[in-house]
Amino acid sequence: MYQLKINDLTIETFLSQYWQKKPLLIKQGFVDFVDPIDANELAGLAMEESIESRLITNHNDQWQAHQGPFEDFSLLTPTNSTLLVQAVDHWHNDAAQLLEPFRFIPNWRIDDLMISYSTPQGGVGPHLDQYDVFIVQGQGSRHWRVGLKDNNLKQFTKSKILLQVEQFDAVIDCILQPGDILYIPPGCPHEGYAVENAINYSIGFRAPNQQDLLSSFADHIIDTDSGQTRYCDANIAPRKSKGEVTKAEVNNIKALMKSLLEDEELFNQWLGTTLSQPKHEMDLAPLEDLISEEQLMHTLEHENIELERLGGTRAIYQLNNDDITLSINGENYLLHKADLAAVRALTDQLIVATNELYNLSPSEEFITLLTTLINQGIWFSAE
Ligand code: SIN
Ligand code: CO
């Protein structure tokens, strides 16, 4: 397990002074940092069809960007190149552990673990990200410059898929060593170039915008065939102008739309589905010999096995008036409030011991659900 230390700051101070406000250099955030993956394994992932990867080169100031999958790594030259692989937490369980120390930000805000391997002078160039990111330095070292958010900075596209930003003033200018971390809030310009072959881990966050939310809500309404109440005006009165849409009519239409957003059950179901949507399709290995509820109950009662959550899994819950909506990888499950502690053990811990679960007196419904999740391979025996 990685132990994070944010300089001498408490989590509360980091959140109130830096989170979404200003960048921070965290020297030795991970002491004695050990890389969970090496460059060869990363390259192996970048050869897979289902994994998103990019290779960027900057020879003689000419930026080139290539989309994976890659059949060979001739473009990954001894200098001026970077290989980037997205959502590695889905494919590499040891690397997925690097997300855990950052879960002081809730599960639903965490997006993925992106890993890059850069050769000397390699980088993606100066750019902005729309989301918060922690960049952990693994093996090697890299020279980073980070500026403050500046809405006047101009962005431009290089080599079609590479968006860069014009030169900026740096408030952090440093060479990251293994275990050092940069926190960069959304919109802060940054650039990093390897000093020697370097692996970097980017813990990225999600922050949906209104367009994302409303279009996803609209999809949910269509999928569930909801929202069929039609505009009506049984009390319409004669009026002077044929052309006018009156204020009252505008308000009635808004109220009709708002009433869907205010439908608590619909909203709750949609939110659970959308916020727990995994970054990629899950890489599931369902059990060959399925277990039964009785077998699981027996294990909880008599054996102590550690159950581990599969990398890439998104597990969140909403506390309702009468029950709990547990949402896992886009699926919602309703559970009784008495299962809150067991639900929290699943959502808040990467690994949960079966005797710990047993002591939380899970209901039959919880056991049935956990049996399904284990059979699907979403939780598995860590031994
Ligand atoms: C990288 O690791 O090369 C890119 C990380 C970032 O700037 O977001
Ligand atoms: Co970035």
Side-chain angles (χ1 to χ4, degrees), residues 20 23-26 29 33 35-39 42-43 45-46 52-58 63-68 75-77 79-89 95 98-99 102 110-150 153 155-159 161-166 168 170-207 279:
Q20 299 228 306
L24 178 67
L25 168 62
I26 307 169
F33 182 78
D35 286 83
I37 193 168
D38 64 26
L42 194 67
L45 294 177
E52 198 185 321
S53 59
R54 282 176 301 155
L55 217 159
I56 292 164
T57 57
N58 59 331
W63 290 92
Q64 298 267 357
H66 308 264
Q67 295 271 29
L75 292 165
L76 193 60
T77 44
T79 66
N80 300 84
S81 65
T82 303
L83 172 69
L84 304 109
V85 183
Q86 215 66 47
V88 180
D89 49 314
L98 255 184
L99 294 179
F102 299 94
I110 293 182
D111 193 33
D112 75 335
L113 176 72
M114 192 275 284
I115 306 186
S116 69
Y117 172 75
S118 322
T119 59
Q121 289 97 54
V124 300
H127 68 281
L128 310 172
D129 294 312
Q130 302 296 317
Y131 310 98
D132 307 82
V133 64
F134 288 93
I135 301 179
V136 178
Q137 181 65 49
Q139 70 176 60
S141 58
R142 201 154 167 199
H143 178 195
W144 285 93
R145 293 178 69 252
V146 187
L148 295 177
K149 187 178 159 93
D150 175 355
L153 285 175
Q155 296 190 80
F156 45 86
T157 312
K158 288 248 172 164
S159 181
I161 56 167
L162 194 61
L163 189 63
Q164 294 194 341
V165 74
E166 66 182 321
F168 58 87
V171 289
I172 295 176
D173 188 329
C174 63
I175 294 181
L176 286 197
Q177 303 294 345
D180 291 344
I181 305 172
L182 276 177
Y183 164 66
I184 307 176
C188 289
H190 54 285
E191 60 183 340
Y193 303 101
V195 176
E196 48 189 286
N197 291 344
I199 295 189
N200 284 88
Y201 302 86
S202 293
I203 291 88
F205 294 81
R206 308 184 157 172
K279 174 96 178 169

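Both counts, for ligands and for their atoms, begin at 1 and track the order of listing.
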Atoms in ligand 1 with a heavy atom of Leu84 nearer than 4.0 Å
1 (C), 3 (O)

Assess, by modelled atom type and distance only, whether the side chains of Tyr117 and Asp38 contain a donor and an acceptor separated by less than 3.5 Å.
no

Ile26 CD1 to Ile181 CD1 distance, which is reported to the nearest 0.5 Å
5.0 Å

I'd like to know if the side chain of Thr119 and the backbone of Ser81 have a donor-acceptor N/O pair within less than 3.5 Å.
yes

Atom CG of Leu163 and atom CD of Gln155: how far apart are they, to the nearest 0.5 Å?
4.5 Å

Measuring from Asp150:CG to Glu166:CD, what's the distance to the nearest 0.5 Å?
8.0 Å

Proximity flag His127 to ligand 1, non-hydrogen atoms under 4.0 Å:
yes

Can you tell me the protein heavy atom closest to atom 2 (O) of ligand 1 and the distance?
Ser116 OG, 2.7 Å

Between Phe102 and Tyr201, is the gap from one ring center to the other below 6.0 Å?
no

Relative to the Co ion (ligand 2), which of the N, O or S atoms in Asp129 is the closest?
OD2

So with a 6.0 Å cut-off around CD of Gln177, is the heavy-atom count from everything else above 12?
yes

Between the side chains of Gln139 and Asn197, does any donor sit under 3.5 Å from an acceptor?
no

Using a 4.0 Å heavy-atom cut-off, which part of Ile135 comes near ligand 1: side chain, backbone, both, or neither?
side chain

Shortest non-hydrogen contact between Asn200 and Arg142, atoms and distance:
OD1-NH1, 2.9 Å

Just let me know how Val133 lines up against ligand 1, side chain, backbone, both or neither, with a heavy-atom cut-off below 4.0 Å.
neither

Atom 4 (C) of ligand 1 has as its nearest protein heavy atom Met114 CE, 3.9 Å

Atoms of ligand 1 under 4.0 Å from any heavy atom of Asp129, numbered from 1 in the order shown, are 8 (O)

Report the name of the N/O/S atom of His190 located nearest to the Co ion (ligand 2).
NE2

Is ligand 1 less than 4.0 angstrom away from at least one heavy atom of Ser202?
yes

Counting both backbone and side chain atoms, is some N or O of Arg142 under 3.5 Å from an N or O of ligand 1?
yes

Do any N/O atoms on Ser118 end up under 3.5 angstrom from N/O atoms on ligand 1?
no

Sub-4.0 Å atoms of ligand 1 with respect to non-hydrogen atoms of His190
6 (C), 7 (O), 8 (O)

